[in-house]
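Structure first, then comments.
Note that the numbering runs from 1 along the sequence shown for the chain.
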Amino acid sequence: LSIDINGDMITFDFNNEGGVIRRKSIVPGQQSPTVRNTYVYDIVGKIISDSLHGYWTPDVWGVFSFIYDGNNNVIEGKLTSNVPSVQLLKQCEYDKHPNPLYDQRALIYLLTSHYGYEIPEGKNNILKERFDDGTELSYNYEYYSNGLPRQYSIHHSSDPLVSYVDYYYE
């Protein structure tokens, strides 16, 4: 599978179970694909680690690992890096409402996780992301009567700007 995102040609390699094991890209000025990420899954198919490769070299500079709760929500993401200044720990909390993006979780993660800081979508909607530096992102949802989200707002602990995301369903 190959896609073009703003001039960056992204290619995915799959394992026998259909899971993506490598994400490669060709950026302008390169002749051949370079591995950007390699993925490891648990026995039920959840991504448990994302190895981050250098932009111009195949060297792994960091590994982002994930711990899940019983609802397949990532409750902890940890970046371990060979670059001492790049370490990250993120803890997450969720509500009990169904996440409408859960069935597309792998595709969304693979297309949006450029450096592993994003987390795979869970069965429920994220309420908080807490980082080891004290930063916190809070999510506030408005729901339809069927329990699906209509809109959410994102509040950053160190920024007064509030972002809004609307959901549209067919």
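In this structure a side-chain-to-backbone donor-acceptor pair under 3.5 Å is missing from Asn72 to Lys123. Checked by atom type and distance alone, the side chain of Asn140 never pairs as donor or acceptor with a backbone atom of Ser153 at under 3.5 Å. Distance alone, capped at 3.5 Å, places no donor-acceptor pair between the Asn71 side chain and the Asn73 backbone.
When every heavy atom of Pro100 is checked against every heavy atom of Asn125, the shortest pair comes out as CD-OD1, 3.9 Å. Across all non-hydrogen atoms, the minimal contact from Val35 to His53 is O-CB, 3.1 Å. Across every non-hydrogen atom of Arg22 and Val20, the tightest pair is O-CG1, 3.4 Å.
By the rule that hydrophobic residues join a cluster once side-chain heavy atoms approach within less than 4.5 Å of another member, Ile67 and Val63 end up as members of separate clusters. Residue Leu137 is grouped with residue Phe64 when hydrophobic side chains (ILVMFWY) are merged at heavy-atom distances under 4.5 angstrom, including chains of intermediate members. Under the 4.5 Å side-chain heavy-atom criterion for Ile, Leu, Val, Met, Phe, Trp and Tyr, Ile47 and Val60 are members of distinct hydrophobic clusters. Hydrophobic clustering (side-chain heavy atoms under 4.5 Å, transitive across Ile, Leu, Val, Met, Phe, Trp, Tyr) keeps Ile21 apart from Leu52.
A distance of 10.5 Å separates CD of Glu93 from CD1 of Ile75, quoted to the nearest 0.5 Å. The CG atom of Asn124 sits 7.0 Å away from the CG atom of Asp69 when rounded to the nearest 0.5 Å. Atom-to-atom distance recorded for Lys96:NZ and Leu127:CG is 9.5 Å, nearest 0.5 angstrom. Atom-to-atom distance recorded for Thr38:OG1 and Asp50:CG is 7.0 Å, nearest 0.5 angstrom. To the nearest 0.5 Å, the span separating OG1 on Thr135 from CG on Leu88 amounts to 9.5 Å. In this structure, CD in Glu129 is found 3.5 Å from OH in Tyr139, a value given to the nearest 0.5 Å.
Residue pairs meeting the salt bridge (Lys or Arg N to Asp or Glu O under 4.0 Å) criterion with at least one partner in residues 132-152, sequence neighbours excluded, are Lys128-Glu136, Arg130-Glu136, Glu142-Arg150.
No side-chain heavy atom of Tyr68 sits under 4.5 Å from any side-chain heavy atom of Val44. Using a 4.5 Å heavy-atom cutoff, the side chains of Pro33 and Ile10 are not in contact. Contact of the Ile48 side chain with the Phe66 side chain is not registered, since no non-hydrogen atoms from C-beta on lie closer than 4.5 Å.
Hydrophobic cluster membership for Leu89: none, as no Ile, Leu, Val, Met, Phe, Trp or Tyr side chain comes under 4.5 Å of it.
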* **Derivation of the ring-ring contact (aromatic ring centres under 6.0 Å, His included) call for His97 and Tyr141** => CA-CA 10 Å; His97 291 274; Tyr141 293 84; 8.1 Å; no

* Residue pair His156, Ile154: steps toward the side chain to side chain contact (heavy atoms under 4.5 Å, CB included) verdict -> CA-CA 7 Å; His156 191 287; Ile154 306 170; 5.9 Å; no

N/O donor to acceptor pairs below 3.5 angstrom from side-chain atoms of residues 163-170, sequence neighbours left out:
unit_1	atom_1	unit_2	atom_2	d
Asp166	OD1	Gln151	NE2	2.8
Tyr169	OH	Pro149	O	2.7

